[in-house]
Amino acid sequence: MPALEPLEELKENPLRFLESDQFREMLQTYRRLQPLDGKKPAAFKRQLVQYDFQNIYPLMAEYFKTHNLENGIPDDPETAAFAAALAQTFEERAAALTTQYDILGNSPATYFICGVWANMKRGREFHPASNGITVTYSEPDAYGNQNIRYRNKDYQMTLIFEAVQEYTKNLSWTAHRLLIYTLMRGNTQNWRNNAAVFNITEYMEWAGLNSRDAAYRQLKKDVQSITGVKLTAESFKKYFESFYTTHLATEASIKKYTGEIRITFTENVRHFLTQYYQLIPDWMGQLTENAYRMAFYLYYRARKAPVDEAGTFRVRVEDVIQYIGLPTKEEVKNRNYDEAILRPFKKAAEEIRRISGGSLDIELDYNNINTFLAGQITIRIDDAMQEYRKKLEKTKSAKQLEGKKRTRKPKAVAKTKGEPPEAGEAPHETTSEPAAAPHESTSEFPKKPHETTSE
């Protein structure tokens with residue numbers, strides 16, 4: 001998309017804004033919302049918020065009462081004032097959407113748990129797209145309990161779902177959102193007492209929620225989903241201390257009147273869930289279900305995917321569909337692929353592009369359902385994400401060089417190799433240097449006070 005002219009230049013000739021791609025997108029959104037105005041007030045109000053159109057729609061509705069642009073852009077004072085007001089509103093909105101990033105302690109385990117959740121509702125098994133990983137699902141036993149074993153070359157994990165049908169029935173995608181937010185806040189607070197503590201109003205602001213009562217009720221269910229999972233883990237290369245059956249989160253409390261939320265992990269589990277660090281944009285919490293899962297997956301892959309000079313990388317469409325839990329081609333009834341697969345996928349991509357302000361851009365090219373499923377999407381990341389990747393690579397190269405120097409010393413003690421391969425990608429090369437201790441900064445990337453990295 002062409003860049004918008006600086007506001008100072010548009011002030012001299014505001015009509016130029018009506019020739020921009022930004023205005024064309026506004027016009028498309030206006031026409032989408034107009035049929036709901038006055039006829040479906042609840043849906044109209046909801047979509048105004050969804051498209052962040054509360055300030056723009058009234059300007060356009062008032063202008064189009066007496067004007068139209070079908071025969072070109074009129075050169076009159078009313079149109080000039082209309083264009084100037086839209087340009088001003090757009091610039092203010094763009095400034096507010098300047099992407100800020102938080103630091104998420106993530107791991108193949110965290111990624112896998114969220115992928116399992118996304119597919120449980122459809123009764124589907126989730127298998128990460130990597131040749132270095134095996135996943136085994138047990139049949140539910142006589143009590144309805146089910147185990148899911150995940151294994152890569154570095155460790156093995158077993159997820160334990162007690163009364164899995166009942167667990168699945170109460171599971172919402174917002175449990176994924178809460179878990180990621182909790183891990184980010186815990187990192188911000190340097191994991192004091194292995195807990196993350198925050199207020200419901202803070203969470204509502206991040207997630208774009210309006211009703212405190214509704215948020216409280218949903219949080220209670222999501223906390224149960226997080227604490228209801230049990231797991232075991234065995235490390236083959238001493239990335240963490242192996243542990244036996246324990247809850248994903250051992251304690252959780254929500255105080256209705258003060259709004260304080262506290263979620264606590266055992267230290268072993270906390271280390272297990274935060275084996276390395278990545279960037280997560282602060283706008284991600286405001287996405288709807290499919291868009292949220294898609295953005296999480298793409299930022300997970302962006303951390304180490306091969307990126308070209310233009311800041312783009314490619315991801316298989318089928319991998320994205322599998323992770324976010326859309327149906328497969330075989331599962332779609334009556335071959336209604338557009339309604340079941342294509343439309344939800346495109347809607348999620350468009351939502352990400354709109355809410356991210358272009359900091360995560362998704363390009364998709366296909367002719368039919370077959371070329372769509374066999375194809376790839378091109379992802380473009382912003383300068384901040386590219387800079388972060390460069391710093392990670394620089395730190396990794398420095399550690400590899402230091403590791404080689406140490407191995408030349410006589411009677412050198414063998415070191416634990418680097419971080420385990422990530423799910424969703426081929427196992428990567430390891431180094432001869434151990435991962436950094438939790439909260440030990442080894443990156444030169446300018447970071448927030450709480451940021452740490454195990455690269």
Side-chain angles (χ1 to χ4, degrees), residues 108-129 135-141 143-150 157-182 207 209 214-215 217-231 247-249 252 284-298 300 317-349 351-352 373 423-424:
T110 310
Y111 162 92
F112 181 69
I113 291 168
C114 294
V116 168
W117 278 343
N119 286 271
M120 285 182 78
K121 285 289 186 181
R122 296 189 180 275
R124 183 193 303 142
E125 296 182 359
F126 172 60
H127 295 267
V135 175
T136 306
Y137 282 70
S138 73
E139 291 295 328
D141 63 20
Y143 301 98
N145 305 328
Q146 184 177 31
N147 293 350
I148 304 174
R149 191 184 73 174
Y150 169 102
M157 167 183 67
T158 301
L159 301 179
I160 304 166
F161 295 96
E162 296 179 344
V164 66
Q165 289 187 349
E166 190 67 24
Y167 180 92
T168 302
K169 184 166 54 178
N170 294 319
L171 177 65
S172 169
W173 73 272
T174 52
H176 180 179
R177 184 172 65 184
L178 177 60
L179 177 60
I180 298 307
Y181 183 79
T182 301
L209 305 177
R217 290 192 297 270
Q218 188 60 58
L219 280 166
K220 285 183 66 177
K221 294 180 181 179
D222 294 340
V223 162
Q224 290 175 353
S225 296
I226 293 174
T227 57
V229 183
K230 294 181 179 179
L231 69 162
H247 288 272
L248 179 60
M284 199 174 83
Q286 301 180 34
L287 299 172
T288 56
E289 178 176 0
N290 289 334
Y292 176 86
R293 295 194 194 277
M294 182 183 290
F296 178 79
Y297 179 78
L298 295 179
Y300 180 87
V317 168
E318 282 193 318
D319 293 345
V320 180
I321 285 176
Q322 183 185 33
Y323 190 80
I324 70 178
L326 289 179
T328 63
K329 182 181 177 182
E330 293 71 26
E331 291 173 333
V332 176
K333 296 180 180 179
N334 302 321
R335 299 184 178 180
N336 192 2
Y337 305 126
D338 184 72
E339 184 70 24
I341 304 176
L342 292 170
R343 191 177 301 173
F345 192 100
K346 291 189 294 183
K347 183 179 178 181
E351 183 180 344
I352 291 171
L373 294 176

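Computed over heavy atoms, backbone and side chain alike; hydrogens, waters and symmetry mates excluded.
For the pair Asn119 (side chain) and Gln322 (backbone), a donor-acceptor distance under 3.5 Å is present. With hydrogens and angles disregarded, a donor-acceptor distance shorter than 3.5 Å links the side chain of Lys121 to the backbone of Lys169. For the pair Tyr137 (side chain) and Phe126 (backbone), a donor-acceptor distance under 3.5 Å is present. Judged by distance alone, the side chain of Tyr143 and the main-chain N or O of Ala163 form no donor-acceptor pair under 3.5 Å. Here the side chain of Thr168 pairs no donor or acceptor atom with the backbone of Met120 at under 3.5 angstrom. A donor-acceptor contact shorter than 3.5 Å links the side chain of Glu351 to the backbone of Thr288.
Glu331 CD: more than 12 foreign heavy atoms inside a 6.0 Å radius.
Separation of atoms OH (Tyr297) and OH (Tyr323) is listed at 9.0 Å; rounding is to 0.5 Å. Once rounded to the nearest 0.5 Å, the distance linking NZ of Lys221 with CG of Leu171 reads 11.5 Å. How far CG of Asp141 is from CG of Asn147: 8.0 Å, rounded to the nearest 0.5 Å. Rounding to the nearest 0.5 Å places CD1 of Ile180 at 4.0 Å from CZ of Phe296. Leu298 contributes atom CG, which lies 10.5 Å from atom CG of Asp319 (distance to the nearest 0.5 angstrom). From Ile321, atom CD1 reaches atom OG1 of Thr328 across 9.0 Å, with rounding to the nearest 0.5 Å.
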Side chain to side chain contact (heavy atoms under 4.5 Å, CB included) between Tyr337 and Leu373: does it pass, once the steps are laid out? CA-CA 11 Å; Tyr337 305 126; Leu373 294 176; over 6 Å; no
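Contact between Asn170 and Ser225 at its shortest, heavy atoms only, is O-OG, 4.1 Å. When every heavy atom of Ile226 is checked against every heavy atom of Ala175, the shortest pair comes out as CD1-O, 4.0 Å. Between Arg124 and Pro327, the shortest heavy-atom contact is NH2-CA, 3.1 Å. Across all non-hydrogen atoms, the minimal contact from Gln146 to Ser138 is NE2-O, 2.9 Å. A pairwise comparison of heavy atoms in Gly285 and Arg177 identifies O-NH1, 3.5 Å as the closest pair. When every heavy atom of Pro108 is checked against every heavy atom of Tyr300, the shortest pair comes out as CA-OH, 3.8 Å.
Contact annotation: the side chain of Leu179 approaches that of Trp117 to within less than 4.5 Å [non-hydrogen atoms, C-beta and beyond]. In this structure the side chain of Leu231 reaches within 4.5 angstrom of the side chain of Met157, judged on heavy atoms. Here the side chains of Ile160 and Asn145 are not in contact, with every heavy-atom distance at 4.5 Å or above. Residues Tyr150 and Val116 have side chains not in contact (no heavy-atom distance under 4.5 Å, counting atoms from C-beta outward).
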